[in-house]
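Reading through the structure tokens given below for one structure.
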Amino acid sequence: MGTARVQIAQHLPEAYTELARLNAVVDEALDGDLHTLVKIRASVLNGCAFCVDLHTHQALTDGMSPRRIALVAAWREAGSHFTEAERSALALVDALTRVGEAGLPDDVYSAAAAHLSERETAALITAVSLVNLYNRLGVGTGMAPQVR
């Protein structure tokens, strides 16, 4: 990417402040590992290298196995590396991230909701929506991961 792009954190920092507040609400309502899987999966689908790097690094720091992190990209074929609850949530991530293709099918919603309370289901939908927004900010402004 050769064109310099505006940096939202510099020119509209209050947007990131509000996003962080919303993220904190979701963090309280949704299991931490599940929230991390949601962030990684949506970021992979959206091609946001900055967010993939950020969330995988945080997952490793939090003790998630490198194998599980890697398998998020191919979760449908990963068998028992993910619980049924995680698999249903990841299916919802896929559907909402690609919402323009087929919406959120009732069977995908119902499968996720069967494993979660109504509050957790609301948090899951909010988490997917929020990470998709972050991904679009990252890709749209040309954010790239730092070399570690």
Side-chain angles (χ1 to χ4, degrees), residues 1-76 78 81-83 85-105 108-109 111-113 115-148:
M1 190 172 313
T3 303
R5 297 187 180 189
V6 66
Q7 294 305 301
I8 294 167
Q10 179 182 356
H11 298 286
L12 197 61
E14 57 272 42
Y16 275 115
T17 299
E18 293 304 317
L19 292 174
R21 286 175 40 177
L22 181 55
N23 192 64
V25 170
V26 173
D27 274 340
E28 286 189 21
L30 198 60
D31 173 75
D33 282 352
L34 182 59
H35 194 187
T36 298
L37 293 173
V38 165
K39 291 174 184 178
I40 294 170
R41 179 62 183 168
S43 298
V44 166
L45 291 175
N46 288 319
C48 184
F50 180 86
C51 292
V52 170
D53 180 64
L54 174 72
H55 300 307
T56 57
H57 180 73
Q58 189 60 54
L60 289 168
T61 300
D62 291 346
M64 190 176 288
S65 79
R67 190 174 200 184
R68 258 172 69 84
I69 293 167
L71 287 172
V72 169
W75 70 267
R76 290 183 191 276
H81 289 279
F82 299 101
T83 67
E86 291 168 338
R87 294 173 65 76
S88 65
L90 290 168
L92 190 140
V93 172
D94 287 8
L96 276 182
T97 298
R98 298 174 172 144
V99 72
E101 294 175 18
L104 176 56
V108 173
Y109 174 87
H115 295 282
L116 302 168
S117 69
E118 288 185 351
R119 180 174 173 78
E120 291 168 326
T121 301
L124 175 60
I125 291 169
T126 303
V128 175
S129 302
L130 183 58
V131 72
N132 274 282
L133 174 55
Y134 273 121
N135 293 161
R136 281 147 179 78
L137 293 172
V139 171
T141 61
M143 294 173 72
Q146 295 180 357
V147 177
R148 295 185 198 270

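All residue numbers refer to positions in the sequence shown, counting from 1.
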(message) Nearest 0.5 Å, please: how far is CZ in R41 from CG in L92?
(response) 12.5 Å
(message) Between R68 and F82, is there a side-chain heavy-atom distance shorter than 4.5 Å?
(response) yes
(request) Could you tell me the separation between the CG atom of D33 and the CE atom of M64, rounded to the nearest 0.5 Å? (result) 4.0 Å
(request) Provide the closest heavy-atom pair for L104 versus A95 in the form atom of the first, atom of the second, distance. (result) CD1-CB, 3.7 Å
(message) So that I can tick it off, tell me whether D94 and R76 are bridged by a salt bridge, with the cut-off set at under 4.0 angstrom between side-chain N and carboxylate O.
(response) yes
(request) Work out which heavy atom in V52 is nearest to a heavy atom in V44; give both atom names and the distance. (result) CG2-N, 3.7 Å
(message) When you measure from the side chain of Q7 to the backbone of R5, do you find a donor-acceptor pair of N or O atoms at a distance under 3.5 Å?
(response) yes
(request) Evaluate the criterion side-chain contact (heavy atoms from CB on, under 4.5 Å) for residue pair V93 and V131; output intermediate values, then yes/no. (result) CA-CA 10 Å; V93 172; V131 72; 6.0 Å; no
(message) Please give me the minimum heavy-atom distance between R87 and W75, naming the atom from each residue.
(response) NH1-O, 2.9 Å
(request) Evaluate the side-chain proximity of V26 to H35: yes if any heavy-atom separation is below 4.5 Å, no if none is. (result) yes
(message) Give me the atom names and distance for the closest heavy-atom approach of S43 to K39.
(response) OG-O, 2.7 Å
(message) Let me confirm one number: the CD1-CG distance from I40 to L71, rounded to the nearest 0.5 Å.
(response) 11.0 Å
(message) Walk me through whether Q58 and T36 qualify under side-chain contact (heavy atoms from CB on, under 4.5 Å).
(response) CA-CA 8 Å; Q58 189 60 54; T36 298; 5.9 Å; no
(request) Quick one: closest heavy-atom pair of H115 and S88, and the distance? (result) CD2-OG, 3.3 Å
(message) With side-chain contact (heavy atoms from CB on, under 4.5 Å) as the criterion, how do L22 and E18 come out once you've worked through the C-alpha distance, each side chain's angles and the decisive distance to 0.1 Å?
(response) CA-CA 6 Å; L22 181 55; E18 293 304 317; over 6 Å; no
(message) For V128, is there any backbone N or O sitting under 3.5 Å from a side-chain donor or acceptor partner on N132?
(response) yes
(message) Would you say CD of E14 has more than 12 non-hydrogen atoms from neighbouring residues, nucleotides or ligands within 6.0 angstrom?
(response) yes
(request) Could you tell me whether the side chain of T56 reaches within less than 4.5 Å of the side chain of V72, counting heavy atoms only? (result) no
(request) Could you tell me the separation between the CD atom of E86 and the CG atom of D31, rounded to the nearest 0.5 Å? (result) 7.5 Å
(request) For residues P13 and H11, report the shortest heavy-atom separation together with the two atoms involved. (result) CD-C, 3.5 Å
(request) Could you grab the distance from atom NE2 of H55 to atom CG of D62, nearest 0.5 Å is fine? (result) 12.0 Å
(request) Rounded to the nearest 0.5 Å, what's the gap from OH on Y109 to CG on L124? Could you check? (result) 9.5 Å
